[in-house]
Number of protein chains: 4
Amino acid sequence: MKRKKILEAAAIVFSKKGFHQARMDEIAALANVAKGTLYYNFSSKSMLFSATVTEGLETIVKQITEKLNSNLPFIEHFRLLIEYMISLYLKNNRLAKILLNELSSGIDSKVLAEIESVQERFIIFIADLLHKGQKRGYIKPVDIRTAAIAVAGQIDSLCKYHLRNPGKISKEQIVESLFDILSTGLLKPNLP
Amino acid sequence: MKRKKILEAAAIVFSKKGFHQARMDEIAALANVAKGTLYYNFSSKSMLFSATVTEGLETIVKQITEKLNSNLPFIEHFRLLIEYMISLYLKNNRLAKILLNELSSGIDSKVLAEIESVQERFIIFIADLLHKGQKRGYIKPVDIRTAAIAVAGQIDSLCKYHLRNPGKISKEQIVESLFDILSTGLLKPNLP
Amino acid sequence: MKRKKILEAAAIVFSKKGFHQARMDEIAALANVAKGTLYYNFSSKSMLFSATVTEGLETIVKQITEKLNSNLPFIEHFRLLIEYMISLYLKNNRLAKILLNELSSGIDSKVLAEIESVQERFIIFIADLLHKGQKRGYIKPVDIRTAAIAVAGQIDSLCKYHLRNPGKISKEQIVESLFDILSTGLLKPNLP
Amino acid sequence: MKRKKILEAAAIVFSKKGFHQARMDEIAALANVAKGTLYYNFSSKSMLFSATVTEGLETIVKQITEKLNSNLPFIEHFRLLIEYMISLYLKNNRLAKILLNELSSGIDSKVLAEIESVQERFIIFIADLLHKGQKRGYIKPVDIRTAAIAVAGQIDSLCKYHLRNPGKISKEQIVESLFDILSTGLLKPNLP
DNA sequence: GATGAATGAGCTTTCATTCAT
DNA sequence: GATGAATGAAAGCTCATTCAT
C-alpha cells in the first residue's frame with residue numbers, strides 16, 4: 001500500500017538531504033502521495049525518520065548475515081565482510097549515510113535515542129564478526145568495540161569520498177586498500 | 001573587531017548545530033552583536049559559514065604543522081600525528097565536525113565548492129605527511145590518498161563515539177587503538 | 001441505531017470543546033463508529049451540530065415541563081423552576097453550554113440561524129413561565145423577555161463558575177442566591 | 001509603534017471570532033502588518049491573546065473606577081455602576097466578550113490560567129463594589145461573590161442579546177430592567 | 001448501510017534577509 | 001559602522017471531507 005511507497009521515498013530524501021533539510025512536501029511528491037497521507041501513516045516527521053532508519057537496518061543486517069554464512073578460511077571471510085559492507089554502502093548508501101551520520105540536534109529526544117540505538121546495533125554487528133575472528137585466533141587482542149568503530153569510520157569516509165568524487169577511486173581500490181590497511185597496517189614490517 | 005567576535009561565535013554555533021540548524025539569531029547573540037551586524041560583515045549565512053570554515057582550517061593546520069616540525073624517528077612522528085589530530089578534534093571538535101562532515105545540500109553551490117575544497121585541503125595535508133613517510137621508507141606502498149581518507153574516517157568516527165558516550169572509551173585508548181591498527185593492522189602476523 | 005450513538009457522542013464532544021474545537025475523529029471514536037459513518041448519517045459537521053442541539057433541546061424542555069405541571073403556589077413554582085434549571089444545567093451542562101453560549105462565527109449561516117432559533121425557543125420557554133406568573137399577579141410588570149434573558153444569564157454564569165471552581169459554591173448556595181436575588185433583589189427594603 | 005496596532009487588531013478579531021477561530025493572518029492584515037511582525041512582538045498566538053486580555057482589563061477597570069469616584073447616594077451609585085458596565089460592554093464589547101466567555105480548551109495552560117485570573121479579578125472588582133454597599137447598609141446580607149457572578153452573568157447575556165438582535169431591546173431598557181431586577185427582584189412585594 | 005485510507009486547503013510558526021535610522 | 005524592527009516565503013502539521021470497497 002502507500003506506507004511502503006512512503007518509506008522508500010523517505011529513505012531517498014532523508015539520505016540526500018539529511019533529517020532537517022528533508023521536506024515533507026518532497027517526500028510526499030516523490031511517493032506520489034498527498035502530504036496528509038504521510039501524517040496518516042506516520043505521526044510526525046521524526047517518527048517517519050525513525051521508521052525509515054529502523055526498517056532499513058533490518059534489511060541490511062539480514063543481507064550481510066546471509067552472505068557471510070559461508071565456511072571460508074577467516075581471511076577470505078574478512079575480505080568478504082569488507083567487500084560486502086562496501087557494496088552495501090554504495091548500493092544502499094541512502095541508509096548507510098543516515099546510519100553513520102545523522103545525529104543532528106533538534107530531533108525529538110525519543111527518536112534521537114532510537115537512531116542512536118540503531119547505530120549501536122550496527123556497531124555491535126561488526127564487533128560480533130570481529131569477535132568471532134579473535135576467538136578463533138585470527139585477530140589481534142585489540143579492543144573489539146574500538147576496532148569496530150574504526151572499521152565503520154573508514155568505510156564511511158572512503159565511500160563518501162567515492163560518491164563525492166566519481167572516478168577518482170574505484171570500488172575495487174577501496175576494498176583493496178581497506179583490506180590491506182585493516183589486515184597489516186600502514187607501516188612496513190621489520191622496522192627498528 | 002566585531003568580525004572576529006562573530007567568527008568565534010559562528011564556529012561554536014555552526015559546529016554544535018550544523019549549517020542548517022544554526023540560526024543567525026543565536027550567532028549574533030553569542031557574539032554580543034546585533035543581527036544586522038552579521039550582514040554588515042558577511043553578505044549571507046553561507047558566506048559566514050564559508051569564512052568560518054576556511055579561517056578555522058588555517059588555524060588547525062598551522063597548529064599541527066608547528067607540532068610536527070620535530071626531528072623524531074618516523075614512528076614517533078606518526079604516533080604524534082595521530083595523537084595530535086585526536087587532541088585537536090576533541091578540543092576543537094566544533095570545526096573538525098564541519099571539516100569532516102558537513103556537506104548538506106541547500107548551501108549555495110559556490111560555498112559548497114569552497115567547503116569541499118577546504119575538506120580536500122585537509123585530506124591533502126594528511127596525505128602529505130603520509131607521503132613523506134613513504135618516501136623515507138616507513139610506509140607501505142599503498143595509495144596515499146586512500147589511506148589519508150581512511151585515517152580521517154577513523155579519527156572522525158572514534159572521536160564522535162567518544163564525545164557521544166562519555167566514559168566508554170578514554171582518549172588514550174583511542175590513540176592507542178588507532179596507532180595499533182594503522183601501524184600493523186588487525187590480523188595476527190604469521191598466518192598461513 | 002448508529003445515528004443515536006452518534007448524537008450522544010456529539011453532544012458530549014461538542015459541549016466539552018465547542019463547535020470549532022470538536023473534531024469529527026473524536027466524535028466517531030466516542031460513538032464507536034467509523035468516521036465515514038458520521039457523513040453517512042449527517043451531511044456535514046455543521047448539520048451534525050444542528051441536529052445535536054435541536055434534538056437536545058426537546059429533551060430538556062420536555063423534562064422541565066413535566067416537572068412543572070404541579071399545582072403549587074407560585075413562589076414554590078418559581079423556586080422549583082430555578083432549582084430545576086440549575087440541576088439540568090449541571091447534569092446536562094453539555095447542552096446547556098451550547099444553548100447559552102455557542103455562537104461562534106464560521107458556522108454555515110443556515111446552521112447558525114438554526115442554533116439561534118433554538119436559543120430563542122429556550123428564552124421564550126422561560127419567558128412563558130414568567131408570563132404566567134405575571135398574569136396571575138405574582139411578577140412585577142417588567143419586560144418579560146428581558147427578564148428571561150437575565151435569568152438565563154445568571155444561571156449560566158453561576159453554573160459555569162460552579163463547574164470551574166469545584167467546591168467554592170455549592171449547588172444549594174446557587175439556588176438560594178439566585179432565588180433570593182430574583183425574588184427580592186439585592187437592595188434592602190425601606191431605603192430612602 | 002506596531003505593538004499597539006497589533007493589540008487593537010487582536011482585540012477586534014479575538015472578540016469577533018474567539019481564540020481558536022481567530023486567524024493570525026486576519027489580525028496581521030487588520031493591523032496592517034506582516035505576519036512575522038506578530039511573532040516579533042508576541043511569542044505565540046496564546047501570548048498575544050493573553051496580552052490582549054490583560055492589557056484590556058486594565059483599561060476597563062481604570063475607566064469604571066474613575067467614573068465611580070463620585071459621592072452620590074448609594075442607589076445612584078449602584079445605578080451608575082450598572083449603567084456604566086453596560087456602556088462599557090457595548091462600546092468595548094470585544095474585550096468584555098472575551099472576559100466573560102472565552103475559556104475554550106486547547107489554550108496553553110499557562111495562558112488559560114492567566115485568562116482565568118483576569119476573569120477572577122473582574123469578578124472581584126464587582127464584588128468589592130457590592131461589598132462597600134453592604135457595609136454601608138444598602139445591600140442585603142447575600143453572599144457577595146455569588147451576587148457578583150450573577151450580576152456579571154446578567155450583563156453578559158443581556159448585552160449579547162442586544163448585540164445579536166439590534167433594535168429588539170434598547171440600551172436604556174437593559175439598564176432599567178437590570179437595575180430593577182437587581183434592586184428589588186422580580187416578585188411583587190407583599191405576597192403571602 | 002458502513003468503512004477507513006486518502007486527500008489538500010489552510011493553519012501556526014520560523015528565520016534569513018532588508019533597510020531606515 | 002552598527003542597529004533591530006519588520007518582513008514574507010516556506011515549513012510542519014491538522015482535520016473536514018470524499019470515495020472505492
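Each chain gets a letter, A, B and so on, in the order its sequence line appears, and its residues count up from 1.
In this structure, CG on B/Leu7 lies 8.5 Å from CG on B/Asn41, to the nearest 0.5 angstrom. Summarising the geometry, atom CD belonging to A/Gln21 is positioned 10.0 Å from atom CD belonging to A/Glu26; distances are rounded to the nearest 0.5 Å. One finds the CZ atom of D/Arg23 at 11.5 Å from the NZ atom of D/Lys35 (value rounded to the nearest 0.5 Å). Of the inter-residue distances, the one linking A/Lys2 atom NZ with A/Leu38 atom CG reads 11.0 Å to the nearest 0.5 angstrom.
The interatomic distance linking C/Leu48 (CG) with F/dT17 (P) rounds to 10 Å, in whole Å. A/Lys5 has its NZ atom 8 Å from the P atom of E/dT7, to the nearest Å. Put simply, CD on C/Gln21 is 14 Å from C1' on F/dA16, counting in whole angstrom units. Summarising the geometry, the separation between CZ on D/Arg3 and C1' on F/dA6 is reported as 16 Å, rounded to the nearest angstrom. Between B/Lys45 atom NZ and E/dT14 atom P the separation is 15 Å, expressed in whole Å. Atom-to-atom, CZ of C/Phe49 to C1' of F/dA16 comes out at 16 Å; the value is rounded to the nearest Å. Taking atom CD1 of residue A/Ile27 and atom P of nucleotide F/dA10, one finds them 18 Å apart after rounding to whole Å. With rounding to whole Å, C/Met24 atom CE is found 16 Å from E/dT7 atom C1'.
Residue D/Ala22 is classed as a sugar-phosphate contact, given heavy-atom separations below 4.0 Å to backbone atoms only.
Mapping C/Arg23 and A/Arg23 onto DNA chain F by nearest heavy atom places A/Arg23 at the nucleotide closer to the 5' end. Position along DNA chain E of the nearest nucleotide to B/Asp25 versus D/Asp25 favours D/Asp25 as the more 5'-ward residue.
In this structure, A/Glu55 does not pair ionically with A/Lys4, as no charged nitrogen and carboxylate oxygen lie closer than 4.0 Å.
Side chain of C/Lys45 to backbone of C/Ala22: a donor-acceptor contact under 3.5 angstrom is found. Judged by distance alone, the side chain of A/Thr54 and the main-chain N or O of A/Ser50 form a donor-acceptor pair under 3.5 Å. Judged by distance alone, with hydrogens and angles left aside, the side-chain atoms of B/Thr37 form no donor-acceptor pair with the main-chain N or O of B/Tyr40 at under 3.5 Å.
Residues A/Phe14 and A/Ile27 meet the side-chain proximity criterion, which asks for heavy atoms closer than 4.5 Å.
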Open item on the list: Pairs counted only when both distances fall under 3.5 Å, Watson-Crick or G-U: show me the 5' to 3' dot-bracket for DNA chain E, [ ] for pseudoknotted crossings and | for other-strand partners.
Closed with: .||||||||||||||||||||
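Phosphate contact (OP1/OP2 of E/dT14, side-chain N/O of D/Tyr39, threshold under 4.0 Å): absent.
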Which protein N or O atoms sit under 3.5 Å from an N or O of nucleotides 1-4 of chain F?
from	atom 1	to	atom 2	distance (Å)
F/dG1	O5'	B/Tyr40	OH	3.4
F/dT3	OP1	B/Lys2	NZ	3.2
F/dT3	OP2	B/Ala34	N	3.4
F/dT3	OP2	B/Thr37	OG1	2.1
F/dG4	O3'	D/Tyr40	OH	2.8
F/dG4	N7	B/Gly36	N	3.1

